[in-house]
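This report refers to the structure that appears directly beneath it.
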Amino acid sequence: MTAWQDAFRRVPELLAAHVQLSFSALLLAMVICFPLAIWATRNTRVAGVILGFASLIQTIPALALLALFYPVLLGLSALLGGGISALGFLPALMALTLYALLPILRNAVTGLTGVSPAARQAADGLGMTASQKLRLVEAPLAAPTIMAGIRTAAVWTIGAATLSTTVGQASLGDLIFAGLQTQNWTLVLTGCLASAGLAIVVDIILGVIERAIRDRRKMVAWSGTAAIAAGLLFALLPSLQSSEDDVVVIGAKGFSEQFILARLIGSRLEAAGYQVRYRDALGSAVVFQAVAAGDIDVYVDYSGTIWTNQMKRDDRIVSEQMIEEISSWSEQQHGVTTLGALGFENTYAFAVRPEDAEGRSLRTLDDLALISSEFVFGTDLEFLERPEWATVRQAYPLAFREARSFNPTFMYPALSSGEVDVISAFSSDGRIAANGFVVLEDNKGAIPSYEAIVLLAPDRGTDQKLRSALKPLVGRITVENMREANYKVDRETDKQSPAQAASWLDDIIRKGDGQ
């Protein structure tokens, strides 16, 4: 199967989810906007407040808006005793609905206020009530302008819906984010083309409806509406037909190793008879809270991340004791079960080019601190905000000339090309050795242990069938094998998909077990 065939094979399911989300947000925005627009045309003060709020929402980046709804819904669920999912469809729906308000609301207000006074006077002369005048005179005359706003909102919403991947909602953004992380440009192009194609088709159909309303061709308008309704119904069919029995949702953060481990877990669970869904590109804080809330069922995290980010601990203890304390804390505080450690560690590792290590006599982080003011520091998107960075700075007087954040995929090329001079790499990443980078020693032990551990949601902790399917993975993955699996996905040529790398890793584990 070629890369293009593999990419397009994933499009129908993701396209259906994308259509469901974007159309739901658009319809909800219309339901909200139309009454507000009518109110605004009757009261100029209300119009100023409503349009001002909609404009303010538009200034917030869509990605930030999506992220903000996660803690809001999480808090609301806790306040109401649970039952509200803070991950997936709901936060994405709410964020995209707000994002669609401005063009619909502004055009609706403009269209209704633009109705000629003569038409209103004629309606009054016929003795029409306010509701009759709105329904029979104002709304039909304003409809073309309103439709123009709906067209704009539809294109915006379809484009912004690709970002919903970050809050665990399936969309065409799954292809784009996975492709960016693994440098699989076929996936990126497929996701972009599918999203753009959907936006263009919807815009064309809405344009036909807009012109039909303007020209008073009812049959054409109703035909366009029927085409959109048919498309939405077609997108809903997979969810109406699929069964939710034994579906396991597997979470993953936004880098190659997580994609591979998620597919490894998924293949084991599918062999055990479960249906599997993936929620990729989740942030560290989001993914732990999601498993605690049961929004995802299983994922791989790292002991140091739980220790510092969730438990707020900064003391240093041996790895085995850390995992025991994490297991006890996560079970008691959140009901999350620690199935066990996979057998390898993926810690933060400060890496430099070999010529700098040799020429500047760099061996330890203490050595780096002496010349850090001359260096540009490159990190992943979240490292500078993590407690680990604060701990490292307390241990070493690092004061870089500049700090720049990258998607993890682009950190390594940035170091190779000289854009940055040192990066916060990952110790299990095969690109460190492939590029000949030198890892500096943490001689003061500031960075905690980062053993890869499997975490289960409260409802899955007692699922013996699931535990039995995944238990053979515990302690069976060496760091050397994980590096090789990662490099199969991350290398520039002869790249493999995360699923292919996971299959290779699974074969290695089974051979080691004598299966």
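Note that the numbering runs from 1 along the sequence shown for the chain.
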Is there side-chain contact between [X] and [Y], with heavy atoms separated by less than 4.5 Å?
X      : Y      : answer
Met482 : Ile260 : yes
Ile265 : Leu470 : yes
Leu98  : Phe69  : yes
Ile453 : Tyr302 : no
Leu21  : Gln169 : yes
Phe255 : Asp380 : no
Thr59  : Leu56  : yes
Arg277 : Val248 : no

Modelled atom types, side-chain donor and acceptor of Arg10 and Thr190, under 3.5 Å: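 Note: Arg10 and Thr190 side chains miss the donor-acceptor criterion.
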Measuring from atom [atom1] of [X] to atom [atom2] of [Y], what distance do you get when rounded to the nearest 0.5 angstrom?
X      : Y      : atom1 : atom2 : answer
Leu26  : Leu96  : CG    : CG    : 10.5 Å
Asn184 : Ile176 : CG    : CD1   : 12.5 Å
Ser171 : Gln20  : OG    : CD    : 12.0 Å
Leu505 : Leu342 : CG    : CG    : 9.0 Å
Ile477 : Asp506 : CD1   : CG    : 9.0 Å
Leu27  : Leu93  : CG    : CG    : 10.0 Å

Please confirm whether the backbone N or O of [Y] pairs with a side-chain atom of [X], one donor and one acceptor, at under 3.5 Å?
X      : Y      : result
Gln132 : Thr129 : yes
Tyr274 : Leu466 : yes
Thr379 : Ser405 : no
Thr152 : Ala148 : yes
Lys471 : Leu339 : yes
Ser195 : Gly191 : no
Asp280 : Ala252 : no
Arg279 : Gly88  : no
Asp174 : Thr165 : no
Asp297 : Ile250 : no

Which heavy atom of [X] sits nearest to which heavy atom of [Y], and what is that distance?
X      : Y      : value
Leu206 : Ala154 : CD1-CB, 3.7 Å
Ala100 : Ala153 : O-CB, 3.7 Å
Pro144 : Ile213 : CD-CG2, 4.1 Å
Ala95  : Leu66  : CB-CD2, 3.7 Å
Glu388 : Asn309 : OE1-OD1, 3.6 Å
Thr166 : Phe177 : CG2-CZ, 3.7 Å

Side chain to side chain contact (heavy atoms under 4.5 Å, CB included) evaluation trace for Leu175 with Val188: CA-CA 6 Å; Leu175 297 173; Val188 175; over 6 Å; no
Side chain to side chain contact (heavy atoms under 4.5 Å, CB included) between Thr338 and Ile306, intermediate numbers included: CA-CA 11 Å; Thr338 303; Ile306 303 296; over 6 Å; no
[atom1] ([X]) with more than 12 external heavy atoms under 6.0 Å:
X      : atom1 : result
Glu331 : CD    : yes
Trp222 : CH2   : no
Phe89  : CZ    : yes
Glu385 : CD    : no

Stepwise side chain to side chain donor-acceptor pair (under 3.5 Å) test for Glu257 and Ser428: CA-CA 8 Å; Glu257 180 171 290; Ser428 61; 2.4 Å; yes
Candidate pair Arg460 and Asp463, rule side chain to side chain contact (heavy atoms under 4.5 Å, CB included), full reasoning: CA-CA 5 Å; Arg460 293 296 184 177; Asp463 187 337; 3.0 Å; yes
Pairing of Arg42 and Glu138 as salt bridge, 4.0 angstrom limit: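 Result for this pair is yes, salt bridge flagged.
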Derivation of the side chain to side chain donor-acceptor pair (under 3.5 Å) call for Arg263 and Ser503: CA-CA 8 Å; Arg263 272 65 188 175; Ser503 178; over 6 Å; no
Plane angle bin for Phe288 and His334 - parallel if under 30°, tilted between 30 and 60°, otherwise perpendicular: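 It falls in the perpendicular class, over 60°.
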Candidate pair Ile32 and Leu101, rule side chain to side chain contact (heavy atoms under 4.5 Å, CB included), full reasoning: CA-CA 8 Å; Ile32 294 172; Leu101 291 180; 4.1 Å; yes
Test side chain to side chain donor-acceptor pair (under 3.5 Å) applied to Asp490 and Ser256, step by step: CA-CA 7 Å; Asp490 294 329; Ser256 300; 2.5 Å; yes
